[in-house]
S.K.: 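I have a structure here, written as structure tokens, and I will follow up with some questions on it.
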Amino acid sequence: MLQLTGITKSYGGRRVLDEVSFVVRPGRLTGFVGGNGAGKTTTMRIILGVLAKDAGSVTLDGAEITAADRRRIGYMPEERGLYPKMKVLEQVVYLARLHGFSKTDAETRARTLLEQLDLGERLRDNVETLSLGNQQRAQIAAALVHDPEVLILDEPFSGLDPLAVDIVAGVLQARAAQGAAVLFSSHQLDVVERLCDDLVIIAAGKIRAAGSRDELREQHSTRRFELISVSSAAWLRGEPGVEVVSLDGGYAQFDVDSDQTAQRVLRLAVALGDVASFAPQHPTLAQIFKEVIQ
């Protein structure tokens, strides 16, 4: 488990990270979200040792992280760093060799991973000839080729079309299923919501929310319900303690002032007509994000 505790960082008189604390657990995808300048990349660079922290600790499996531990981490920076004149396969093999794999094992690993990322037909192409999306996938292969225990990925879905997002997501989910701890940042909140098991929200250098996706959705949920019935739901407009948000025939979204009101509305709906669905509505990640950073 990767754990950050009380990490602070300042540039001059400006504090860019303020008591940043969260965990990245094995076997789980942790989404790291925040606006531009919130502190995501600075946090990742401190984990990797690229930047020095002013205070706090970064531990891996309970011990202060060392240079040797960082070899167990796969990192994809936001600023891409592949050699443009090298062929795709050659590049990834070279990086695997730097991690101590034999030439045969390095090539087997690189080829398998690039094929999983749908770059099998581009193995002999120079990196610079690839589209930006394909360069992105090659960069992800470079981060994964040594089979790291922890993955730190800065905007791995940037520039990818929906099909490529699904391909990359599948590879990351497979790595998490094998036990890797995965931390990835992204501005694409819909992708984060779909993929992440855990979520960390940062704003102005401070952690504003952290926990499992389901826990955060429950914590920030309101008493909003959705009703789908065969008969018209217009009667909701006259119910005490009910505020209708959306109404279209037998479909309605509405807020209630108490759990008791919700139970009363359900009983009335059943009495008035066939109820196809009656369920609480949980906020989206975008809604939670807007709420906690305000």
Side-chain angles (χ1 to χ4, degrees), residues 2 24 26-33 40-41 43-45 47-48 50 70-99 101 105-188 190-192 194-197:
L2 179 69
V24 185
R28 297 176 72 84
L29 289 160
T30 300
F32 192 26
V33 299
K40 302 186 300 297
T41 297
T43 301
M44 290 179 167
R45 288 175 175 172
I47 294 171
L48 271 294
V50 177
R70 290 186 172 102
R71 292 183 62 84
R72 299 155 58 190
I73 297 177
Y75 177 51
M76 192 191 82
E78 187 174 11
E79 301 83 9
R80 308 312 177 215
L82 299 179
Y83 298 110
K85 300 295 183 182
M86 289 183 76
K87 296 185 181 349
V88 175
L89 179 61
E90 179 186 10
Q91 168 80 102
V92 182
V93 168
Y94 169 71
L95 293 170
R97 295 279 281 150
L98 290 179
H99 282 277
F101 292 99
D105 286 347
E107 182 162 342
T108 298
R109 285 174 170 274
R111 188 182 295 274
T112 299
L113 187 51
L114 288 165
E115 288 174 351
Q116 289 174 349
L117 289 163
D118 203 28
L119 290 175
E121 296 181 356
R122 310 303 299 272
L123 300 182
R124 306 296 176 185
D125 295 351
N126 287 353
V127 170
E128 66 183 355
T129 68
L130 300 181
S131 67
L132 292 178
N134 283 339
Q135 288 186 34
Q136 180 90 331
R137 282 188 269 183
Q139 186 84 53
I140 291 168
L144 295 174
V145 71
H146 61 293
D147 200 20
E149 298 174 30
V150 179
L151 283 170
I152 309 291
L153 308 171
D154 202 349
E155 294 290 342
F157 302 104
S158 176
L160 298 183
D161 61 43
L163 179 59
V165 167
D166 288 342
I167 291 169
V168 171
V171 170
L172 297 183
Q173 287 172 321
R175 291 302 175 113
Q178 293 166 9
V182 182
L183 176 70
F184 70 97
S185 69
S186 180
H187 286 97
Q188 296 164 262
D190 58 330
V191 175
V192 178
R194 177 160 56 95
L195 292 182
C196 72
D197 301 297

S.K.: As an exercise, state the distance from CD1 of Ile140 to CD of Gln135, rounded to the nearest 0.5 Å.
M.R.: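 Here the interatomic distance stands at 12.5 Å.
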S.K.: Grab the two heavy atoms, one from Val33 and one from Ser186, that are nearest each other, plus how far apart they are.
M.R.: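 Closest pair (atom of Val33, atom of Ser186, distance): CG1-O, 3.6 Å.
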S.K.: I'd like to check the ring-ring contact (aromatic ring centres under 6.0 Å, His included) partners of Phe157; sequence neighbours left out, ordered by chain and number.
M.R.: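 Applying ring-ring contact (aromatic ring centres under 6.0 Å, His included) to Phe157 gives Phe184.
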S.K.: How close do Gly31 and Cys196 get, heavy atom to heavy atom, and via which atoms?
M.R.: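 Reported closest heavy-atom pair: N-CB, 3.7 Å.
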S.K.: Kindly give the heavy-atom pair with the smallest separation between Pro148 and Gly74, and that separation in Å.
M.R.: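 Between these two residues, the closest heavy atoms are CB-N, 3.3 Å.
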S.K.: Taking atom CZ of Phe32 and atom CG of Leu183, what is their separation to the nearest 0.5 Å?
M.R.: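 With rounding to 0.5 Å, CZ (Phe32) is 6.5 Å from CG (Leu183).
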S.K.: To the nearest 0.5 Å, what is the distance between CZ on Arg97 and CG on Asp105?
M.R.: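 Between atom CZ of Arg97 and atom CG of Asp105 there are 9.5 Å.
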S.K.: With rounding to the nearest 0.5 Å, note down the distance linking CG in Asp190 to NE2 in His187.
M.R.: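 So the CG of Asp190 and the NE2 of His187 are separated by 13.0 Å.
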S.K.: Indicate the atoms forming the closest heavy-atom contact of Val93 with Ala110, along with that distance.
M.R.: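 Scanning both residues, the minimum pair turns out to be CG2-CB, 3.7 Å.
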S.K.: Suppose we screen for ring-ring contact (aromatic ring centres under 6.0 Å, His included). Which residues come up paired with His99, at least two apart in sequence or across chains?
M.R.: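 Here the qualifying residues are His146.
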S.K.: Measure the shortest side-chain to side-chain distance between Val165 and Arg194 over non-hydrogen atoms and say whether it is less than 4.5 angstrom.
M.R.: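 Yes, side chains in contact.
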S.K.: Distance from Met76 atom CE to Ser158 atom OG, nearest 0.5 Å?
M.R.: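 OG of Ser158 is found 8.0 Å from CE of Met76.
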S.K.: How long is the span from the CD1 atom in Ile73 to the CG atom in Leu2, to the nearest 0.5 Å?
M.R.: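 Rounded to the nearest 0.5 Å, the CD1-CG separation comes to 6.0 Å.
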S.K.: With sequence neighbours left out, what residues match Gln136 under side-chain hydrogen bond (donor to acceptor under 3.5 Å, both in side chains)?
M.R.: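 Partners of Gln136 under the side-chain hydrogen bond (donor to acceptor under 3.5 Å, both in side chains) test: Arg80.
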S.K.: For residues 148-164, pull every pair meeting salt bridge (charged side-chain N to carboxylate O under 4.0 Å, His left out), keeping only residues two or more places apart or in separate chains.
M.R.: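 Found Arg72-Glu149.
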S.K.: Ignoring hydrogens and angles, write down the donor-acceptor pairs under 3.5 Å from the side chains of residues 113-122, residues two or more places apart or on other chains.
M.R.:
| from | atom 1 | to | atom 2 | distance (Å) |
| --- | --- | --- | --- | --- |
| Arg122 | NE | Asp125 | OD2 | 2.4 |
| Arg122 | NH2 | Asp125 | OD2 | 3.1 |

S.K.: Any heavy-atom pair between the side chains of Asn126 and Met86 that's under 4.5 Å?
M.R.: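 The answer is no, as the side chains (C-beta and beyond) never meet within the 4.5 Å cut-off.
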S.K.: Quick check: closest heavy atoms across Ala96 and Val145, and the distance to 0.1 Å?
M.R.: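 Closest heavy-atom pair between Ala96 and Val145: CB-CG2, 3.8 Å.
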S.K.: Tell me, do Arg28 and Val182 make a side-chain contact under 4.5 Å, heavy atoms counted?
M.R.: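 Arg28 does not reach Val182 side chain to side chain.
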S.K.: For residues 170-179, dump all side-chain donor-acceptor pairs below 3.5 Å to protein atoms at least two apart in sequence or in another chain.
M.R.:
| from | atom 1 | to | atom 2 | distance (Å) |
| --- | --- | --- | --- | --- |
| Arg175 | NH1 | Leu144 | O | 3.3 |
| Arg175 | NH1 | Asp147 | OD1 | 3.4 |

S.K.: List the atom of Ala138, the atom of Leu130, and the distance in Å for their closest heavy-atom pair.
M.R.: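 Scanning both residues completely, I find the closest heavy atoms to be CB-CD1, 4.5 Å.
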